[in-house]
Amino acid sequence: MPSDLNQKIYVAGHRGMVGSAIARNLQAKGYKNIITRTHAELDLTNQQAVKTFFETEMPDQVYLAAAKVGGIHANNTFPAEFIYDNLMVQNNVIHQAFVNGVRKLLFLGSSCIYPRLALQPMSEDALLTGKLEPTNEPYAIAKIAGIKMCESYNRQYGASHGVDYRSVMPTNLYGPGDNYHPENSHVIPALIRRFHEAKLANAPEVIIWGTGTPRREFLYVDDMAAASIFVMGLDKKTYDSQTQPMQSHVNVGFGSDVTIEEVAQAISKAVGYQGKISFDPTKPDGAPRKWMDSARLNQLGWKALKDLEAGLELAYVDFCTHNQSLVKL
Ligand SMILES: NC(=O)C1=CN([C@@H]2O[C@H](COP(=O)(O)OP(=O)(O)OC[C@H]3O[C@@H](n4cnc5c(N)ncnc54)[C@H](OP(=O)(O)O)[C@@H]3O)[C@@H](O)[C@H]2O)C=CC1
Ligand SMILES: C[C@H]1O[C@H](OP(=O)(O)OP(=O)(O)OC[C@H]2O[C@@H](n3cnc4c(=O)[nH]c(N)nc43)[C@H](O)[C@@H]2O)[C@@H](O)[C@@H](O)C1=O
């Protein structure tokens, strides 16, 4: 096994918001042997292509940040793609990683794995204790399958093959490299764009989807990347001390949440829009609240660094810098 900084690390989804943050954080830490493939070079839903890739490259570690990702509208509109693509990508990558001797893999899930009405803050133990939020159930089912796949490979092959596959459950993320599509994106990038366009057009009003009352916890993407690398770097005994036997997942949150109305006001301020904010209650609210209990990760020694106000300023700079080129259709 090569020394840590020379380990061959495959970051799947390196052109996405989280994958690109993981790759630049690894590079900043001195990791020299990061391998990547664009979606065009390697379609991770293609079993044979993924098999050939792993047999050729034989990575030591894998960060699985490639997925079909979108906000409430995209999840609600394209449920077939959200379940099919995500199951295929994660099945192919996790299985071929195992077959080709990868001992360390990090799977990125999502806070939507927890029941819609889970007790707040939501602990890792809330998994599979109730009904999911209908707007993103197919995506959540795929993510739950990913956690269970990691756990199953750990159970069956942990002792015999040294398999140690971990899963992180991020709260809602935002930051550089986000998707600013007007409908298919998450709330922060959607509203950065909407407020920016309203400011340029001197529009008197900006309309926010839903009632504005749902609560969300937002984490800056570089904090998420740091958490991912931190979790991968923990020795097994330390990691296992905070997770249940064979359980592979740990929450990654900022620590507190805000209402959608509050985040809209904060984005309007960051963008410099001075008009009125209105709400369209005919659009879905989704889960009433998603606030992670991140005590396990905090006890292991990680905490978020970037607060929402500072993070939104950086996200807006990113939007202005890249603007249209970052809009994925
Ligand atoms: N953003 C968020 O708020 C949250 C994200 N997460 C999770 O974090 C991870 C990363 O999300 P994020 O960075 O935001 O998403 P992005 O959409 O920004 O990035 C996902 C990346 O995966 C690639 N990809 C998708 N499908 C395939 C495929 N079939 N073959 C190869 N590459 C593929 C995409 O390439 P291309 O664009 O070319 O298709 C893209 O580069 C995901 O697992 C997501 O579920 C969890 C909670 C919240
Ligand atoms: C990360 C997470 O992302 C998705 O779930 P979500 O938390 O509901 O994420 P969202 O960012 O899309 O919405 C958050 C809230 O914000 C409101 N809202 C207002 N105005 C806009 C708006 O313009 N766009 C969006 N997208 N939402 C808006 C919106 O109505 C909702 O109440 C999952 O499907 C799933 O993929 C997942 O895991």
Side-chain angles (χ1 to χ4, degrees), residues 1-39 41-42 57-67 69 93 97 102-109 164-180 186 188-189 192 218-236 238-239 250-255 270 294 297-298 300-322 325-326:
M1 187 73 72
S3 83
D4 206 36
L5 292 178
N6 288 318
Q7 291 241 327
K8 196 172 197 180
I9 302 177
Y10 171 43
V11 179
H14 74 290
R15 297 224 287 206
M17 177 173 70
V18 180
S20 60
I22 289 173
R24 70 174 171 267
N25 275 254
L26 284 169
Q27 275 155 353
K29 285 181 179 299
Y31 287 88
K32 298 175 182 68
N33 201 357
I34 298 166
I35 51 170
T36 57
R37 291 291 184 281
T38 64
H39 191 161
E41 289 164 344
L42 175 62
E57 290 292 347
M58 298 288 284
D60 298 303
Q61 295 186 17
V62 174
Y63 286 83
L64 178 42
V69 181
V93 172
V102 176
R103 292 181 172 187
K104 296 195 77 172
L105 176 146
L106 191 76
F107 171 69
L108 277 94
D164 182 7
Y165 293 172
R166 302 175 183 180
S167 306
V168 279
M169 298 304 118
T171 189
N172 293 42
L173 306 171
Y174 69 101
D178 215 334
N179 174 11
Y180 297 98
H186 292 102
I188 287 184
I192 286 176
F218 295 103
L219 182 70
Y220 189 67
V221 68
D222 282 87
D223 277 336
M224 182 62 218
S228 301
I229 296 164
F230 175 81
V231 166
M232 275 290 249
L234 290 168
D235 67 67
K236 187 163 161 44
T238 308
Y239 184 74
V250 65
N251 290 343
V252 188
F254 173 70
S294 304
L297 193 54
N298 295 154
L300 287 166
W302 176 89
K303 70 174 172 49
L305 298 177
K306 187 80 70 195
D307 68 27
L308 187 60
E309 194 181 351
L312 287 177
E313 275 179 27
L314 292 173
Y316 184 49
V317 169
D318 175 69
F319 172 80
C320 293
T321 308
H322 298 98
S325 66
L326 279 186

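Sequential numbering from 1 along the given sequence is applied to the chain's residues. Only this structure's heavy atoms are used, side chains among them; waters, hydrogens and symmetry mates stay out.
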For side-chain contact (heavy atoms from CB on, under 4.5 Å), just list the numbers for Val102 and Tyr165, CA-CA rounded to whole Å, side-chain angles, deciding distance to a tenth of an Å, and then say yes or no. CA-CA 9 Å; Val102 176; Tyr165 293 172; 4.1 Å; yes
Step by step, work out the side-chain contact (heavy atoms from CB on, under 4.5 Å) result for Lys8 and Asp60. CA-CA 5 Å; Lys8 196 172 197 180; Asp60 298 303; 3.5 Å; yes
Could you walk me through whether Lys306 and Asp222 satisfy the side-chain contact (heavy atoms from CB on, under 4.5 Å) test, starting with their C-alpha distance in whole Å, then the side-chain angles of each, then the deciding distance to 0.1 Å, before giving a yes or no? CA-CA 9 Å; Lys306 187 80 70 195; Asp222 282 87; over 6 Å; no
Show your reasoning for whether side chain to side chain donor-acceptor pair (under 3.5 Å) applies to Tyr180 and Asp318. CA-CA 11 Å; Tyr180 297 98; Asp318 175 69; 2.9 Å; yes
Give the intermediate values and the outcome of side-chain contact (heavy atoms from CB on, under 4.5 Å) for residues Gln7 and Asn33. CA-CA 6 Å; Gln7 291 241 327; Asn33 201 357; over 6 Å; no
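Here the OH atom belonging to Tyr239 is positioned 8.5 Å from the CG atom belonging to Leu234, to the nearest 0.5 angstrom. Here Leu297 contributes atom CG and Met169 contributes atom CE; the two are 12.0 Å apart, rounded to the nearest 0.5 Å. To the nearest 0.5 Å, atoms OG1 (Thr38) and NE2 (His14) are separated by 6.5 Å. If you take CG on Leu312 and CD1 on Ile192, they are separated by 6.0 Å, rounding to the nearest 0.5 Å.
For the pair Asp178 (side chain) and Tyr174 (backbone), a donor-acceptor distance under 3.5 Å is absent. Using modelled atom types, one side-chain atom of Ser294 and one backbone atom of Gly253 make a donor-acceptor pair closer than 3.5 Å.
The side-chain heavy atoms of Arg37 and Glu57, taken from C-beta on, include a pair separated by under 4.5 Å. The shortest distance between side-chain heavy atoms of Val221 and Leu314 does not fall below 4.5 Å. At a threshold of 4.5 Å between non-hydrogen side-chain atoms, the residues Met224 and Leu108 count as touching. Side chains of Phe254 and Asp307 form a contact here, defined as non-hydrogen atoms less than 4.5 Å apart. With contacts defined as side-chain heavy-atom distances shorter than 4.5 Å, the pair Met17/Val69 does not qualify. Between Phe107 and Val93 the shortest side-chain heavy-atom distance does not fall below 4.5 Å. Annotation: side chain of Asp223 is in contact with side chain of Leu305 (closest heavy-atom distance under 4.5 Å). A heavy-atom distance below 4.5 Å is not found between the side chains of Met232 and Ile9.
Taking the six-membered ring where the residue is Trp, the centroids of Tyr10 and Tyr63 are separated by 6.0 Å or more.
Ser167 and Leu106 make their closest contact through N-CD1, 4.4 Å (heavy atoms, listed as atom of the first residue, atom of the second, distance). Residue Glu41 comes nearest to Thr36 through the heavy atom pair OE1-O, 4.5 Å, listed as atom of the first residue, atom of the second, then distance. When every heavy atom of Ala226 is checked against every heavy atom of Asn25, the shortest pair comes out as N-OD1, 4.2 Å. In terms of heavy-atom proximity, Ala304 sits nearest to Leu219 at CB-CD1, 3.6 Å. Smallest separation of non-hydrogen atoms from Ala23 and Ile34: O-CD1, 3.9 Å. Between Pro176 and Tyr220, the shortest heavy-atom distance links the atoms CD-OH, 3.3 Å.
The neighbour count for Lys303 NZ, taken as heavy atoms of other residues, nucleotides or ligands under 6.0 Å away, does not exceed 12.
For the side chain to side chain donor-acceptor pair (under 3.5 Å) test, residues two or more places apart in sequence or in another chain that qualify with Lys236 are Asp240.
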